[in-house]
Amino acid sequence: MKKTKLLQIFIFILSCNIGIIDGLSQITTNEKPYSIVNNVKIPRVLSNDITSSLVLPTPDINLLEREDSLNNRDVEKLKRVAVAIPINKNINDVGSWITLDNGDLLWQLEISSDKATSLDFTFDKFWLPEGGKFYLYNPTTLNTIGAITSEYLRGNKNDPANFSTAYILGDKIILEYYQPSSIQERPIISIDKAYYGYKKIEIAGNPDYKNKDMLINEDPQFGTSGSCNNTLTYRKYGDWKFPGQSTARILIKLPTASYWCSGSLVNTTARDNRPYFLTAHHCLCGYFDAISNKDASQWVFYWNFSVDSEDYDRVHTSYEPSRNTTIGAIVLANDSPSDFALLKLNQDIRLVSSSPNYLGWDVTGNSGSGGACIHYPSGDIRKISFYNVTPSSSSYNSGTNKNHWAVTWASGTTEGGSSGSPLINQQKRIIGQLHGGKASCSNINGADLFGKISESWTNNNATDPRRRLKDWLDPYNTNEKTTETIEAIKIIGPYELALGQTVKYTEVINSPTLSNNLQLINYNYRGRYAEIKAIGTGKGYIKMPYTSSSGRVNDQILNINVINTTNNLTMNKTKSNYKISYSQNNISITPINQNLLNEKITLIYDLIESVSGSIQKTGYINYLGENIDTSNINKGVYILVLKEDDILTSYKILVK
């Protein structure tokens with residue numbers, strides 16, 4: 001998206017529109033559907049008369065294109081590619097079930113919409129029992145997403161989470177669920193919306209494809225950006241390989257439509273591969289916000305959407321770029337003056353990409369001279385634009401605050417879909433993220449504006465951590481002003497433990513070395529995991545020798561912080577009037593003495609996830625004492641902040 005500053009969020013259909021998603025990966029078992037592998041045909045007419053197929057209404061494409069034509073005249077509007085069609089059906093309402101000869105169960109639902117170039121879906125409730133497998137596929141091309149299993153899903157049977165999928169090309173998609181006979185529980189699958197892609201291929205500078213009707217196997221995004229863009233191939237721009245691997249295109253799904261933005265993984269002073277991702281505030285479209293609506297769990301992040309040779313860019317139908325996707329995030333912090341948004345990804349990118357990198361940053365306020373922007377214009381493959389001048393301090397839209405960097409490009413440009421992409425200096429550190437501007441292939445000398453992360457760092461001394469970057473990117477308050485770009489740590493597991501906690505770390509392919517406050521309980525070479533117990537508080541590490549693809553042996557080090565949750569941490573010198581205790585699924589808050597029963601003390605609480613800093617629960621507690629239910633939150637370390645009029649006390653609690 002680029003060039004957007006939304007003033008009226010109620011006009012979503014015109015002002016927040018871009019994107020279909022592309023990807024047949026997600027975190028799946030990467031297998032073909034059960035029915036295809038085993039040649040199982042499900043009858044389309046069953047005795048129970050449950051609808052075995054859904055034919056969705058076709059949007060008025062001419063109307064959509066007229067709206068787009070008006071919208072695209074304004075450089076601050078977004079380029080829409082897909083619109084939402086409500087479905088609101090669940091697995092018990094629609095689809096066909098059959099029992100196979102061996103007792104296994106199979107369910108299918110066909111969803112179609114005439115002339116759609118692609119279809120993707122959101123689910124308001126999605127839970128699978130262990131052993132169940134869910135697929136989506138095009139019955140003609142057999143392009144497949146799946147199998148989706150319980151392993152990487154959020155929520156549980158009693159509180160199923162929502163879910164989202166990448167798109168599949170074509171106007172007809174089969175949803176399939178397979179369940180072995182040994183499983184007694186049924187899945188919870190509630191389909192909320194389909195997103196209807198309606199764009200034809202319009203490849204800039206390629207008359208052979210201009211306005212050509214799209215074939216079923218042709219991606220409507222690949223090759224759509226302007227011809228002056230530079231495809232980031234490692235053969236040509238090898239110095240920018242690692243920064244490029246930190247970036248992703250994002251599909252922002254709104255209730256009415258979807259659109260593209262760009263962004264990048266960012267390093268922290270803890271250097272522990274926290275899944276933090278920087279993009280632009282205006283990519284939230286006035287709908288998402290760290291305080292009022294942080295749940296971006298249906299967004300889709302595309303990794304490694306790139307090619308090795310520019311030849312593939314020109315002959316796009318003969319080559320498909322890598323399509324690795326992760327689903328969902330929460331908004332940790334955002335604000336409009338410097339147009340920043342920091343996300344925490346719900347899924348670990350290392351599960352779908354072997355080579356992610358985490359970009360360093362520079363918050364000194366110095367821009368340096370020369371660098372690049374890596375982005376996904378119009379949802380196209382990874383592009384790179386270069387500048388060779390010193391960025392100048394600038395305001396946005398004639399404002400008074402010089403909280404942006406103004407850049408003119410020596411080579412390349414940006415487009416809709418580039419918003420949120422990192423401005424990277426010669427030291428390969430982020431100094432800003434794209435807000436908007438006038439640069440384009442038809443206006444090469446136009447300036448683009450990037451919100452300064454040095455301004456976002458404290459955001460004019462904002463008091464709420466959800467309105468600044470410092471608390472997240474410097475979690476231990478080291479006061480470092482720069483960090484380097486780092487490669488992904490292969491060891492996968494949490495970077496904060498509670499004293500006494502035992503955790504299984506995966507991808508431990510060699511015997512690890514541990515700091516003194518960690519104990520190796522079990523190492524399984526064949527299973528590629530190590531069980532590790534936290535036996536002492538403070539900073540520690542897991543170190544593993546690793547041989548890279550080049551044959552060089554180096555150490556992979558995952559930094560670990562161990563905290564003591566048995567000690568209450570009081571934030572001020574005033575003693576709390578309440579006793580805090582935790583038992584399974586409940587935090588108990590009780591008065592210390594009976595005299596408090598006659599005092600009208602207002603109790604307010606926040607329950608904050610220790611690792612991400614996001615508030616999981618907030619509200620009021622009866623001054624006579626009350627319990628906080630923790631059964632519907634993820635297990636882990638939390639900080640309970642209890643506010644008793646002028647007394648503020650915090651406790652670290654391990655929710656088991």
Side-chain angles (χ1 to χ4, degrees), residues 154-161 290-295 330 332 344 463-466 471-472 475-477 494-503 517 533-538 560-656:
R154 300 176 307 115
N156 53 58
K157 183 179 180 180
N158 296 324
D159 185 25
I291 295 175
S292 62
N293 181 23
K294 61 182 173 56
D295 183 10
I330 61 172
L332 296 178
K344 179 189 177 187
T463 58
D464 193 321
R466 293 167 293 182
D471 307 74
W472 312 99
Y476 300 134
N477 199 29
Y495 42 82
E496 186 166 70
L497 298 178
L499 184 63
Q501 186 179 9
T502 299
V503 170
N517 61 337
K533 183 177 182 179
I535 58 174
T537 58
I560 305 291
N561 187 40
V562 180
I563 61 174
N564 187 352
T565 60
T566 61
N567 297 329
N568 295 335
L569 305 179
T570 304
M571 295 180 65
N572 57 13
K573 296 180 180 180
T574 308
K575 186 176 181 181
S576 172
N577 293 312
Y578 286 80
K579 178 182 178 182
I580 310 297
S581 61
Y582 172 77
S583 60
Q584 188 172 10
N585 295 334
N586 272 297
I587 299 172
S588 176
I589 302 175
T590 55
I592 292 176
N593 59 63
Q594 293 298 312
N595 293 333
L596 288 176
L597 300 181
N598 298 319
E599 298 181 18
K600 303 298 183 183
I601 297 177
T602 301
L603 296 180
I604 305 173
Y605 77 90
D606 288 331
L607 187 61
I608 304 171
E609 186 183 20
S610 178
V611 170
S612 73
S614 62
I615 295 178
Q616 301 297 305
K617 280 179 172 289
T618 187
Y620 295 90
I621 292 293
N622 191 305
Y623 73 98
L624 300 178
E626 199 168 343
N627 291 340
I628 300 174
D629 182 15
T630 61
S631 60
N632 61 347
I633 67 173
N634 294 327
K635 311 309 178 189
V637 179
Y638 290 82
I639 300 171
L640 174 69
V641 179
L642 188 64
K643 306 168 186 177
E644 320 164 33
D645 288 341
D646 59 344
I647 302 174
L648 187 68
T649 313
S650 68
Y651 307 83
K652 281 197 174 181
I653 296 172
L654 176 62
V655 177
K656 301 179 180 180

With sequence neighbours left out, the residues meeting side chain to side chain contact (heavy atoms under 4.5 Å, CB included) with A534 are L497, L518, V562
I587 side chain near Y638 side chain, heavy-atom distance below 4.5 Å = no
List in chain and number order the residues that pass side chain to side chain contact (heavy atoms under 4.5 Å, CB included) with P475, two or more places apart in sequence or in another chain; answer none if no residue qualifies.
-> T268, T269, A270, R274
Side chain to side chain donor-acceptor pair (under 3.5 Å) with T590: which residues, sequence neighbours excluded?
-> none
Minimal heavy-atom distance between N586 and D629, with the atoms involved, is OD1-CA, 3.9 Å
First locate atom CD1 of I563, then atom CD1 of I639, and finally report the distance between them rounded to the nearest 0.5 Å.
-> 7.5 Å
Would you give the length of the straight line joining atom OH of Y605 to atom CD1 of I589, rounded to the nearest 0.5 angstrom?
-> 8.0 Å
Those residues at least two apart in sequence (or on a different chain) that pass side chain to side chain donor-acceptor pair (under 3.5 Å) with D159 are none
About how many Å separate CD1 of I291 and CZ of R466, when rounded to the nearest 0.5 Å?
-> 4.5 Å
Using side chain to side chain contact (heavy atoms under 4.5 Å, CB included) as the criterion, list what pairs up with T537, not counting sequence neighbours.
-> L499, N564
Interatomic distance, CG@L640 vs OH@Y582, rounded to 0.5 Å, equals 12.5 Å
Qualifying residues under salt bridge (charged side-chain N to carboxylate O under 4.0 Å, His left out), relative to K157, sequence neighbours excluded | E185
Which residues share a side chain to side chain donor-acceptor pair (under 3.5 Å) with N158, sequence neighbours left out = none
Please name all residues satisfying side chain to side chain contact (heavy atoms under 4.5 Å, CB included) with I535, sequence neighbours left out, ordered by chain then number.
-> Q519, K533
Listed by chain and number, what are the side chain to side chain donor-acceptor pair (under 3.5 Å) partners of D295, not counting sequence neighbours?
-> S297
